[in-house]
Number of protein chains: 2
Amino acid sequence: MMDEGIDRVGQLVPQMPVAEARMCRLMLMLGATIDRELEAKLKPNKLNHSEFLTLMILYSRPDGSSTPGELCEFTTQGATNMTRIANALVKRALITRGSSKEDRRRVLIRITPAGRRFVQKMLPPMFPQVGAMFGGFSAGDMRQFDRLLRKLAANLDQLGEQRLP
Amino acid sequence: MMDEGIDRVGQLVPQMPVAEARMCRLMLMLGATIDRELEAKLKPNKLNHSEFLTLMILYSRPDGSSTPGELCEFTTQGATNMTRIANALVKRALITRGSSKEDRRRVLIRITPAGRRFVQKMLPPMFPQVGAMFGGFSAGDMRQFDRLLRKLAANLDQLGEQRLP
DNA sequence: GATTTATAATTCACCAGTGAAGTAAATTAG
DNA sequence: CTAATTTACTTCACTGGTGAATTATAAATC
């Protein structure tokens, strides 16, 4: 369906890299699909993707804490949105927000015990889906897939750097 | 960086399918990155992703026409948003909107000659980036990658169907 | 040591996308 | 043939996310 569309565009615009465009489109579609799937799983917990990611990063930290700036970097969110996310999670008492002693510009965000319990309760129901996504993938498939995705990631990193400096 | 985070969560929650979760996260990151890259390329043309996709689907149609409902399906957009998209593209005279004769509920959307010229002008500057994304991919890599992505897509389709009916 | 510059976070105004309700036409059922 | 149901799209109110301006603190420069 999508393939036909791209093929036809390729006929009309002959210099187009058809195979690459197709792959690119596939990645976009799959990314969006996984995103939807994830959001559906999160909805019952009244979390969205970026709130979930933020909480998971805090959870994964040995000391359970970070700063908005750092969380922005790791989640690739803007600072504006991180403020909203923190507000939402603080309101639900999953994290706390306090100001740093050494640098009073900095805000210290920390996951609460309730936040940790919440994560531990929320994660396991997601496991079957995550497993099913890769049903029928052999060990070799997994290795290949990982390799190719990271190769693509490296290329994209290069592309991204060119635009900024 | 992400890998360490997932590994650490895997230690805290032992039943977690770590490899699958990692792959899933990679797909989400890459999808988002490609999306950002695409949006950056579209910005100078004052188009966003969904408007671009809509226009490209019309462009790829032999008769250059479709209906909002069909475009919703192909772009996986809600009808609400398709109304906005059509408004935006009509305002720029890239498409026309008329009502169908056989079924007066239906709206007929058609790409204009100006719309076709616009697409032909806009596409070529994107080709180098699309090519660069897959720089260093051998023919075998491309085949493998395509195979694995479609396998994943098939699994996701199954997952999606379960939730709806 | 005062002033400039840089950094961290927040607030505000806006854009893109969604769900629920509304409108209008076509189809089905009684 | 009328009434109920379904289909196609639009409108409205809201959520999530972004860029530009703001505030507060720290670091650098003169």
Side-chain angles (χ1 to χ4, degrees), chain A residues 28 31-33 35-40 42-55 65-92 95-110 163-164, chain B residues 28 31-33 35-40 42-55 65-92 95-110 163-164:
Chain A
L28 284 166
T33 303
D35 211 303
R36 273 193 298 277
E37 213 67 37
L38 174 58
E39 295 268 16
L42 293 177
K43 199 155 209 175
N45 302 108
K46 310 239 191 258
L47 279 187
N48 65 27
H49 190 165
S50 63
E51 291 161 358
F52 171 67
L53 237 185
T54 302
L55 197 57
S65 76
S66 184
T67 62
E70 210 179 14
L71 291 168
C72 283
E73 200 184 329
F74 296 161
T75 60
T76 59
Q77 292 291 315
T80 306
N81 199 32
M82 192 50 69
T83 298
R84 186 194 58 74
I85 292 168
N87 286 340
L89 297 180
V90 166
K91 184 142 61 175
R92 297 178 61 182
I95 65 171
T96 57
R97 189 158 34 175
S99 56
S100 163
K101 301 258 159 154
E102 316 88 68
D103 184 342
R104 298 199 318 192
R105 290 170 303 183
R106 272 196 156 74
V107 168
L108 246 161
I109 287 179
R110 184 179 304 276
R163 193 169 48 266
L164 263 138
Chain B
L28 284 166
T33 303
D35 211 302
R36 274 194 298 276
E37 214 66 36
L38 175 58
E39 295 269 15
L42 293 176
K43 200 156 208 174
N45 303 108
K46 310 236 191 261
L47 279 187
N48 65 27
H49 191 164
S50 62
E51 291 161 358
F52 171 67
L53 237 185
T54 302
L55 197 58
S65 75
S66 185
T67 63
E70 210 179 13
L71 291 169
C72 282
E73 199 184 330
F74 295 161
T75 60
T76 58
Q77 292 291 317
T80 306
N81 200 32
M82 192 49 68
T83 297
R84 186 194 58 74
I85 292 168
N87 286 340
L89 297 179
V90 165
K91 184 143 61 177
R92 296 178 61 183
I95 65 170
T96 58
R97 191 159 31 175
S99 56
S100 163
K101 301 258 159 155
E102 316 87 68
D103 184 341
R104 298 198 318 190
R105 289 170 304 182
R106 271 196 157 75
V107 169
L108 246 162
I109 289 179
R110 185 179 304 275
R163 193 170 48 265
L164 264 138

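Quantities reported herein were computed from a predicted structural model and do not represent experimental measurements. Order of the sequence lines sets the chain letters (A, B, ...), proteins ahead of strands, with each chain counted from 1.
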Between B:Thr54 and B:Gln77, is a side-chain contact (heavy atoms from CB on, under 4.5 Å) present by the stated rule, with each step listed?
CA-CA 10 Å; B:Thr54 302; B:Gln77 292 291 317; 5.8 Å; no
[X] side-chain N/O to [N] phosphate OP1/OP2 under 4.0 Å:
| X | N | answer |
| --- | --- | --- |
| A:Asn87 | C:dT10 | no |
| B:Ser50 | C:dG17 | yes |
| A:Asn81 | D:dG16 | no |
| B:Arg106 | D:dA8 | yes |
| A:Arg104 | D:dT25 | yes |
| B:Gln77 | C:dT18 | yes |

Counting side-chain heavy atoms from C-beta on, which of [options] comes nearest to [X]?
| X | options | value |
| --- | --- | --- |
| A:Arg105 | D:dC9, C:dA24, C:dA6 | C:dA6 |
| A:Thr80 | C:dA26, C:dG17, D:dG19 | D:dG19 |
| A:Thr83 | C:dT11, C:dA25, C:dA16 | C:dT11 |

Are B:Arg84 and B:Asn81 close enough that a side-chain donor and a side-chain acceptor fall under 3.5 Å?
yes
Side chain of A:Glu73, backbone of A:Glu70: donor and acceptor closer than 3.5 Å?
no
Judged by each residue's nearest nucleotide on DNA chain D, which is more toward the 5′ side, B:Ala79 or A:His49?
B:Ala79
Taking the nucleotide of DNA chain D with the nearest heavy atom to each, does A:Lys101 or A:Ile85 sit closer to the 5' end?
A:Ile85
Base, sugar-phosphate alone, or nothing: which one does B:Arg97 contact when heavy atoms must sit under 4.0 Å apart?
sugar-phosphate
